[in-house]
Amino acid sequence: MRIQELHHALADIGARPCHIGRITRAWLKGQALDAGTRHQKSEDYFPLSVRRGLPAIAGRLEGLARIRSRHPAADGSLRLLVELGDGQMVESVLLPRDGLCISSQVGCAVGCTFCMTGKSGLLRQLTSGEMAAQVALARQLRPVKKVVFMGMGEPAHNLDNVLETINLLGRDGNIGHKNLVLSTVGDPRVFERLPQQPVRPALALSLHTTRDELRAQLLPRAPRIAPAELVALGEDYARRVGYPIQYQWTLLAGVNDSQEEMDAAAYLLKGKFALLNVIPYNSVEGDRYQRPSPERIEAIKRYLHDRGVLTKVRDSAGQDIDGGCGQLRARAAEQIDLSRLRRRASTAQGQE
Ligand code: SF4
């Protein structure tokens with residue numbers, strides 16, 4: 001269900017725009033649709049046809065997504081495995097300090113070589129309703145004041161739904177525009193469309209390296225935009241909206257953590273209206289990539305900082321619980337496959 005369909009369904013039961021606004025806000029707060037306000041009960045506000053029709057609509061919204069499992073981590077984050085109406089699964093992460101990271105696709109077509117989600121390819125797009133439902137579900141557990149589109153998927157590949165969700169959250173979801181963060185590998189469509197939106201979010205750009213050819217290897221199906229051009233586009237957007245770009249740099253030992261890379265990063269980002277998030281890779285057993293040593297990570301941060309690049313080291317939230325993007329889903333999908341195989345095996349045995 002897209003947000004527009006929700007609004008049409010509400011109009012069909014007799015809701016006027018003011019009713020639709022109140023119902024949508026209640027949903028996004030994680031409350032019952034007929035929650036009412038402190039000053040006015042819903043029975044004094046909604047017409048009878050709306051009150052009668054709301055339970056069916058609430059049922060449809062509940063069917064969009066449900067929390068299949070919760071995985072608290074030592075850093076205060078809470079990773080949620082969210083099951084969609086058709087049984088597909090995505091991840092949302094409640095971050096410390098009232099943030100929420102949501103998914104925009106099941107799987108992803110970009111195929112970044114260091115990302116578990118990229119391994120599955122794109123399975124399907126999420127609707128705007130399914131993205132907003134992740135916020136509604138998360139708010140049943142904790143306050144959410146910031147939403148980042150950095151979970152599974154490349155938001156630029158599902159841009160209509162993502163922008164619809166951003167506009168909804170900025171208008172009815174009580175989230176400041178700069179606290180909505182769209183993360184992308186850098187798709188020209190993002191730079192064309194974002195400035196025209198009523199709600200203009202902050203932007204996170206996945207840079208990962210300053211070298212064209214290495215970027216093409218690490219992000220095999222990302223649009224071919226040279227890192228310097230990407231930074232120029234980012235800078236233009238940051239100056240227009242008045243909040244900085246967050247550049248993402250997944251740090252892979254021996255791949256993109258060399259001194260030459262850091263010199264080039266300092267040259268590219270110095271003086272930019274930007275913040276560099278260095279995200280040391282979260283290695284799992286048998287991985288082709290490794291996490292740099294804590295000393296190297298600290299040295300990189302200090303080096304860039306000293307050269308005028310605001311640099312933060314960020315760990316993938318909830319590292320101790322399969323923290324990399326897509327790892328929980330991959331594990332759950334594995335378990336489902338295993339139990340299907342076991343079921344098939346026992347049925348086959350029963351038939352022998
Ligand atoms: S890192 Fe992001 S863009 Fe790359 S494959 Fe994973 S989900 Fe897609």
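Remember, it's 1-based here, ligands and their atoms both numbered in the order they're listed. Computed from a predicted structure; not experimentally measured. By convention here, the first residue in the shown sequence is residue 1.
The line from CZ of Arg124 to CG of Asp86 is 4.0 Å long, rounded to the nearest 0.5 Å.
Taking 2.8 Å as the criterion, Cys108 does not count as a coordinating residue of atom 4 (Fe) of ligand 1, since none of its N, O or S atoms falls below it.
Counting only non-hydrogen atoms, the option in Ser206, Ser183, Gly118, Gly153 that gets closest to atom 2 (Fe) of ligand 1 is Gly153. Nearest-heavy-atom check against atom 5 (S) of ligand 1 across Ser104, Cys112, Ala156 picks out Cys112.
Atoms of ligand 1 lying under 4.0 Å from any heavy atom of Gly111, numbered from 1 in the order shown and given with element: 5 (S).
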Would you list the atom pairs, donor with acceptor, under 3.5 Å between side chains in residues 222-229 and any protein atom, with sequence neighbours excluded?
| from | atom 1 | to | atom 2 | distance (Å) |
| --- | --- | --- | --- | --- |
| Arg224 | NH1 | Ala222 | O | 3.1 |
| Arg224 | NH2 | Pro220 | O | 3.1 |

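Using a cut-off of 4.0 Å between Lys/Arg side-chain N and Asp/Glu carboxylate O, Asp160 and Arg193 are scored as salt-bridged.
Other residues sharing a hydrophobic cluster with Leu48 under the 4.5 Å side-chain heavy-atom criterion for ILVMFWY residues do not exist; the residue is a singleton.
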